[in-house]
Amino acid sequence: MDKILAYVPFMLEGTLVTVEIFVLTLLLSLPLGLPVALGANSRVWPLKALCKVYVWIFRGTPLILQLFFFYFFFPMVLNVQISGFVAVILTFVLNYAAYFAEIYRGGINSIDRGQYEAAFALGIPKHLTTKDIILPQTMKAILPPVVNEAITLVKDTALASTIGTVVDLMKATNSAVNRLTNMIPFFIAAVFYLIMTAVLTLAAGRMERYFSRYDAKGE
């Protein structure tokens with residue numbers, strides 16, 4: 001048991017890398033998904049086509065394939081060396097931005113057309129209608145699917161272990177299991193992942209209650 005416990009600090013270091021991947025992906029992909037969603041709804045055909053093709057490619061191909069593509073693309077095609085961690089962040093951000101774009105687009109399209117017409121009748125410019133009327137309502141509507149994607153992201157970070165230089169929780173766990181020839185590190189890793197998803201679920205519950213009180217007060 002002492003040998004197993006000796007690997008826990010190593011696994012905790014891997015957990016910090018996993019949290020870094022999660023936080024950076026969320027912070028960068030959430031704002032990136034919005035302009036992609038607006039572009040996909042645009043009446044400008046080239047912009048609409050470009051955004052739709054982007055979403056189609058990143059939602060239609062496996063994340064692990066995208067990881068390998070970006071990890072090998074820069075040194076082999078562009079002759080530019082990037083770290084495994086940068087390749088992971090780039091891939092995850094582009095992948096999740098595509099998913100968030102579809103969530104945003106679904107939320108925007110769910111808003112009643114009458115609100116657009118009322119704003120137009122009042123002479124409110126289209127960009128202000130989107131910013132001040134449509135997007136605030138969209139944010140509340142998309143909260144549950146965004147949280148679901150965030151929980152999926154926690155689990156998807158394990159794919160970073162396929163990139164040799166990235167020592168995340170999954171890579172650290174595999175290393176511990178291989179050296180100890182013992183399955184217990186897998187159970188410890190499962191606890192770490194469950195803790196992370198539990199924290200997200202609790203945070204989402206608080207946000208939903210906040211929005212419910214916000215609506216109840218009519219503010």
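Since the model is a prediction, treat every value here as computed from it, not as a measurement.
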Side chain [X], main chain [Y], donor-acceptor under 3.5 Å:
X: T197; Y: Y193; value: yes
X: T18; Y: L169; value: yes
X: K171; Y: A160; value: no
X: Y104; Y: L30; value: yes

query: Between M11 and F192, is a side-chain contact (heavy atoms from CB on, under 4.5 Å) present by the stated rule, with each step listed?
result: CA-CA 9 Å; M11 293 175 66; F192 289 167; 4.2 Å; yes
Whether over 12 other heavy atoms sit under 6.0 Å from N79 CG: no
task: Begin with the C-alpha distance, continue with both residues' side-chain angles, and end with the deciding distance and a verdict on side-chain contact (heavy atoms from CB on, under 4.5 Å) for Y7 and N182.
output: CA-CA 12 Å; Y7 276 91; N182 191 302; over 6 Å; no
Atom pair [atom1] ([X]) and [atom2] ([Y]), whose distance is rounded to the nearest 0.5 Å:
X: L200; Y: E149; atom1: CG; atom2: CD; value: 12.5 Å
X: I89; Y: T25; atom1: CD1; atom2: OG1; value: 4.5 Å
X: T91; Y: I163; atom1: OG1; atom2: CD1; value: 7.5 Å
X: D168; Y: L159; atom1: CG; atom2: CG; value: 9.0 Å
X: L143; Y: N148; atom1: CG; atom2: CG; value: 9.5 Å
X: N178; Y: T173; atom1: CG; atom2: OG1; value: 10.5 Å

Minimum heavy-atom distance between [X] and [Y], given as atom pair plus value:
X: A97; Y: L32; answer: CB-CD2, 3.6 Å
X: R105; Y: A37; answer: N-CB, 3.8 Å
X: F186; Y: N174; answer: CE2-OD1, 3.5 Å
X: A40; Y: C51; answer: N-CB, 3.7 Å
X: G84; Y: V166; answer: C-CG2, 3.5 Å
X: V55; Y: A101; answer: CG2-CB, 4.2 Å

Donor-acceptor pairs under 3.5 Å, side chain of residues 62-73 to any protein atom, not counting sequence neighbours: which ones?
residue	atom	partner	partner atom	Å
Q66	OE1	N95	ND2	3.0
Q66	NE2	F58	O	3.1
Q66	NE2	T61	O	3.0
Q66	NE2	T61	OG1	2.8

field: Minimum side-chain heavy-atom gap T201-I151 below 4.5 Å
entry: yes
field: Within-4.5 Å side-chain heavy-atom neighbours: I142 and F100
entry: no
Would you kindly confirm whether [X] and [Y] end up in one hydrophobic cluster when ILVMFWY residues are joined by side chain heavy atoms under 4.5 Å apart?
X: F92; Y: Y99; result: no
X: V8; Y: L180; result: yes
X: L16; Y: V191; result: no
X: L78; Y: M76; result: yes
X: L47; Y: L94; result: no

- request: Tell me, with the steps shown, if N109 and N41 meet side-chain contact (heavy atoms from CB on, under 4.5 Å).
  value: CA-CA 9 Å; N109 292 343; N41 274 353; 3.1 Å; yes
Pairs flagged by salt bridge (charged side-chain N to carboxylate O under 4.0 Å, His left out) wherever residues 32-58 is involved - sequence neighbours left out: none
